[in-house]
Structure formats: C-alpha cells, structure tokens
Enquirer: 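Let me begin by handing over the structure; questions about it come next.
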Amino acid sequence: MERTLIAPGVHLSCDPAEKFNRCRISIHFAFPTKRETATAHALLPLVLERGYADCPDMTQLTKKLAKLYGADLTVDARPMGCSHNLCVSVTGIKDKFALEGEPLTREYAAIALGAAFHPYLVEGVFDPQAVEIEKQMLKKALEDEINEKRIYCMRQANREFFGDSPAGVRQEGYLEEVEGLTSRQLTEAYREMLRTANIELMVLGCDAQQTAAVREALLAELAAVDRVPVPLAENIAMPRQQPLYKTETYDMVQAKLCMLFTLGEPMKPEELAAVRLAMALYGGSVTSRLFLNVRERDHLCYYCSSSFQSFTGSMAVNSGVEHADAARARQAILKELEDLCTGEITDEELEDCRRGLLSGMSGVEDSLGGIESWYYIEVLRGGRVQTPDQARDALRAVTKEEVRSILRRLSLSVSYLLTKEDDHVGE
C-alpha cells in the first residue's frame, strides 16, 4: 500500500490489488468526537446513503448501481477511540471486465464523490422528509439497544468506564436528542465535517491512471471547501482506579457480565504484537485460558472472551453466565489473568495461540475490505504503518515475558452485570 499526502489533512492510499476482479474507492473522514454533535453525526451516514444531488431518489440510485454490474455504495460510521469516522465507499468490477468497455471506475468515483460532497439538499439543507425517516430508524435502533442485552451490557460498562472523557461520547447517538434534531442542524454538522476532518482517500484495484483521475477529482471537490483540518485525537487510557461494581436487574434468561480493564497509559504502537498474543492467550481464541478453563472445564459461562481496544488502552471481557454463577465466573476470570501473570505459560499453549493468530492474519489480504480496514486502522492508530507481513513477523518474535508485561499492567476498573432481581449480586 502506497500512502502520500496530497493536500493539508488529506492522504491518498492506493494499491493496484491486481489479483482481484473488483475495485474499491473509499473516502474516510476522521475527526475528534464532540458531545454536542454526536447524535447528528450518528444520523448523517443514514441520510447520506439514501442518494445524492444527481441521484436523489433511492430507487434511482438502486437502478444506477444495478446498471454498473451490481456496484455497491455504503456510507457508515465507525467509532475509533476518541475519533469519529465516516466512510463513503463504492465497490464494483474493474473496467476491463465491462462487457461494452464502460468507464466503470469513473462512474464509481462520481458516485462516491457525489455522496460525500453533493448530498441532496432542499432549500440548502438536507431533505426534511428523508431526515425524518432516518430519525425514526436511528430512534428505533437506540430503543432496541436494551433488547440486545449483550450489547447493552457492553455499552453500559463503557459508559461507566470512560465517563466524561472524549471516548465516553456515545457515537451511536443519544435517544433523547433524536426527535429534536433538525435538517439544519444535520447540515451544519455535515459541513463542519467537510471543513475539519482528516481525509483518507483509499483506491484499491485501480491502475495508476485511474488512481490519478480519482485523486484529481477529489482535489477538485476540496478546492470548493473552506478547509481547516484539525488534528486527530490522540490515543488515551483511563487512569487506574478501585474497581467499580454495577448491577442492573431485568427479567432475562441469561445473565451478562462485562469487565473492563485499563493499562493506565496509552498503548505504544510497538506493543501491538505482544497485545495480540496476550489477548489470544487470555481470552481471544479457542485455545485461550478463558475458553478452555472458565467455559469448558468449569462450565461457568456460555461464552467468555477478551478483546483489546488499542485506541484507549483497554481490555474487555464479555461473558454470558447463569445468574447464580455470576460471582464465581467473575472470580474465575480474574484468577485466569493472575495465573498468566504469575504462573507458568507453556510453550505449547503459547505456540497454539500464535499459530491461530498467524492463520487468521493470513486472510487479511483476501478481500479489498480486509486490506482497507487493515491499513486505515494502522493509520489511525499512529506510529509506523505496518504491512500484514511486518505484523506477522513481529508476532513471531513475541516472547512470554512480553506477553506477561502487557497482562501485568492491566487492572480491573469496571465490572457490569445484568441479572435477574432474585439473583442480585452485591459487593
């Protein structure tokens, strides 16, 4: 992947990806989260995906994409630590596979740039009718959060963990604000994004000439915008604290437990390989301690896994348990962490986890989406951008002591439990 600065706050990342028969053009807008515009930015991708000025109707847009051999337009928002990211992406077959020699890449670029820079406006603001429709969709999604108890538990734990810090902004939006959000407010949030965001143009599967044409088309669009890009939010970490135990009660079949741990300081990019192996060893694989011991041996949970968020230096352990077993499961989870920090790590289990990670990482470059996600996250994480090959080499070199060093720095901050009222677990 080649990456170059093409304008202030704007980079081009490109890869000819010759082994694929499809190409992909994506425009990523990344900007620091702000509490006052969080709900507007949560709604924005829903409205932008409906169409744009030259193709304002969803039926017209669907027909247009179908004529381009089933091309696909997606507009989505991706929370990344303290940054908000909105991505406009178009994927379709390469020009050389067009039956009548149609300039498909040019059409893809026009759709992506149209959706990003020329939304359908009515009297200078987003179409009020479209906004009202998508507000109801967002409202329903936020109301339904409580029905998906696993997600609800994770989000509640995160809200306690991050508090008023930038990472605590609810990038999915705030239910109580949706109804009052106006087309004008949404338009202002959109224009602020155009002005202030760092932009990553990612062109995959296109030749040099096609890539240059897409680059010039983007620069032409940006020339019409009064750009003042702001620096991306830096990686953070929550300070260590005495563990906070929270319990909510619901009439539910299975209890949910989410435990959040902090490094106490931002993760260094060069530690990532050790973090990956530490997570696989602790709870991120089918050969991990949490899976083999807490789930399989002790039968304390239906699922139990760990994951790490590099942007915030935090680890989450999520599990589904019997209500009566919640306290025992929590203690078992902590014990497995302590055992890894102080006890033996066998060569066999370490290498099983390493092989599993390497096998999974070998598939990163098997799709255009995988390639894009890998490099874009590398860019946002900061530090030197690693290729998948370099990351695999770094993983092969990780030692047991480096794994222990990561795990020993993690301390429990929040334990959040959803359970039945009769099985309330006190601390």
Side-chain angles (χ1 to χ4, degrees), residues 1-17 23-33 41 44-45 48 74-91 105-106 108-117 190-235 269-270 272 310-311 364-365 367-391:
M1 178 77 76
E2 180 183 346
R3 184 170 187 257
T4 55
L5 181 69
I6 59 175
V10 184
H11 286 84
L12 166 66
S13 294
C14 58
D15 183 342
C23 60
R24 183 179 178 95
I25 298 170
S26 298
I27 308 167
H28 292 265
F29 298 88
F31 46 98
T33 57
H41 284 132
L44 187 56
L48 289 178
T74 60
V75 184
D76 59 22
R78 309 173 187 180
M80 300 286 187
C82 299
S83 294
H84 196 91
N85 177 67
L86 185 143
C87 176
V88 179
S89 182
V90 178
T91 306
T105 305
R106 187 174 69 193
Y108 302 152
I111 293 171
L113 292 169
F117 293 96
Y190 162 74
R191 288 176 174 154
E192 180 188 28
M193 179 190 77
L194 292 188
R195 289 180 55 253
T196 64
N198 284 261
I199 298 174
E200 193 81 18
L201 173 64
M202 305 194 79
V203 183
L204 307 178
C206 297
D207 61 30
Q209 183 177 0
Q210 293 165 339
T211 299
V214 176
R215 180 191 65 218
E216 293 307 312
L218 173 67
L219 292 175
E221 295 290 354
L222 292 175
V225 179
D226 182 19
R227 293 265 298 157
V228 188
V230 299
L232 284 177
E234 295 183 356
N235 294 345
E270 58 270 21
L272 185 56
S310 62
F311 299 106
V364 166
E365 296 154 303
S367 69
L368 294 175
I371 294 171
E372 178 182 322
S373 294
W374 175 274
Y375 282 100
Y376 188 61
I377 291 175
E378 283 287 306
V379 167
L380 289 185
R381 189 180 285 123
R384 182 172 65 90
V385 174
Q386 279 193 327
T387 67
D389 275 342
Q390 290 170 333

Enquirer: Please evaluate residues V379 and V385 with respect to the criterion side chain to side chain contact (heavy atoms under 4.5 Å, CB included), reporting the C-alpha separation (whole Å), side-chain torsions for both, the decisive distance (0.1 Å), and the verdict.
Expert: CA-CA 6 Å; V379 167; V385 174; 4.2 Å; yes
Enquirer: For a 4.5 angstrom cut-off between non-hydrogen side-chain atoms, does V75 reach L44?
Expert: no
Enquirer: About how many Å separate CG of L48 and OG1 of T74, when rounded to the nearest 0.5 Å?
Expert: 11.5 Å
Enquirer: Taking atom CD of Q210 and atom OG1 of T105, what is their separation to the nearest 0.5 Å?
Expert: 4.0 Å
Enquirer: A116 and V88: which non-hydrogen atoms are nearest, and at how many Å?
Expert: CB-CG2, 4.1 Å
Enquirer: Which atoms form the tightest heavy-atom contact between T33 and S83, and what is the distance?
Expert: CG2-C, 3.7 Å
Enquirer: Any chance you could measure E200, atom CD, to M202, atom CE, to the nearest 0.5 Å?
Expert: 5.5 Å
Enquirer: Are any of the side-chain heavy atoms of C87 and N85 separated by less than 4.5 Å?
Expert: yes
Enquirer: Just distance, no hydrogens or angles: give the donor-acceptor pairs under 3.5 Å from side chains in residues 226-234, sequence neighbours left out.
Expert:
unit_1: R227; atom_1: NH1; unit_2: L194; atom_2: O; d: 2.8
unit_1: R227; atom_1: NH1; unit_2: A197; atom_2: O; d: 2.7
unit_1: R227; atom_1: NH2; unit_2: A197; atom_2: O; d: 3.0

Enquirer: In the structure I gave you, are the side-chain heavy atoms of S13 and D15 within less than 4.5 Å of one another anywhere?
Expert: no
Enquirer: What pair of heavy atoms forms the shortest contact from P79 to A77, and how long is it?
Expert: CD-O, 3.9 Å
Enquirer: Would you compute the distance between atom CD1 of I199 and atom CG of L218 and round it to the nearest 0.5 angstrom?
Expert: 6.0 Å
Enquirer: May I ask you to decide whether E378 forms a salt bridge with R381, counting only side-chain N to carboxylate O separations under 4.0 Å?
Expert: yes
Enquirer: Only one of F31, F29, F311 clears ring-ring contact (aromatic ring centres under 6.0 Å, His included) with H84; which?
Expert: F31
Enquirer: If we ignore hydrogens and angles and just use 3.5 Å, is the side chain of W374 paired with the main-chain N or O of Q386 as donor and acceptor?
Expert: yes
Enquirer: Evaluate the criterion side chain to side chain contact (heavy atoms under 4.5 Å, CB included) for residue pair L12 and T211; output intermediate values, then yes/no.
Expert: CA-CA 9 Å; L12 166 66; T211 299; 4.0 Å; yes
Enquirer: Ignoring hydrogens, what is the shortest heavy-atom contact between S310 and N235? Give both atom names and the distance.
Expert: O-ND2, 4.1 Å
Enquirer: Any side-chain heavy atom of H41 sitting closer than 4.5 Å to one from L86?
Expert: no
Enquirer: Residues in ring pair (Phe, Tyr, Trp, His ring centres under 6.0 Å) with Y376, at least two apart?
Expert: H28
Enquirer: So, E216 side chain and A213 main chain: donor-acceptor pair closer than 3.5 Å or not?
Expert: no
Enquirer: I'd like to check V214 versus L201 (side-chain heavy atoms, cut-off strictly below 4.5 Å). Are they in contact?
Expert: yes
Enquirer: If you measure from CE on M1 to SG on C14, what distance do you get to the nearest 0.5 Å?
Expert: 7.5 Å
Enquirer: How many angstroms lie between CG in L204 and OG in S26, if you round to the nearest 0.5 Å?
Expert: 6.5 Å
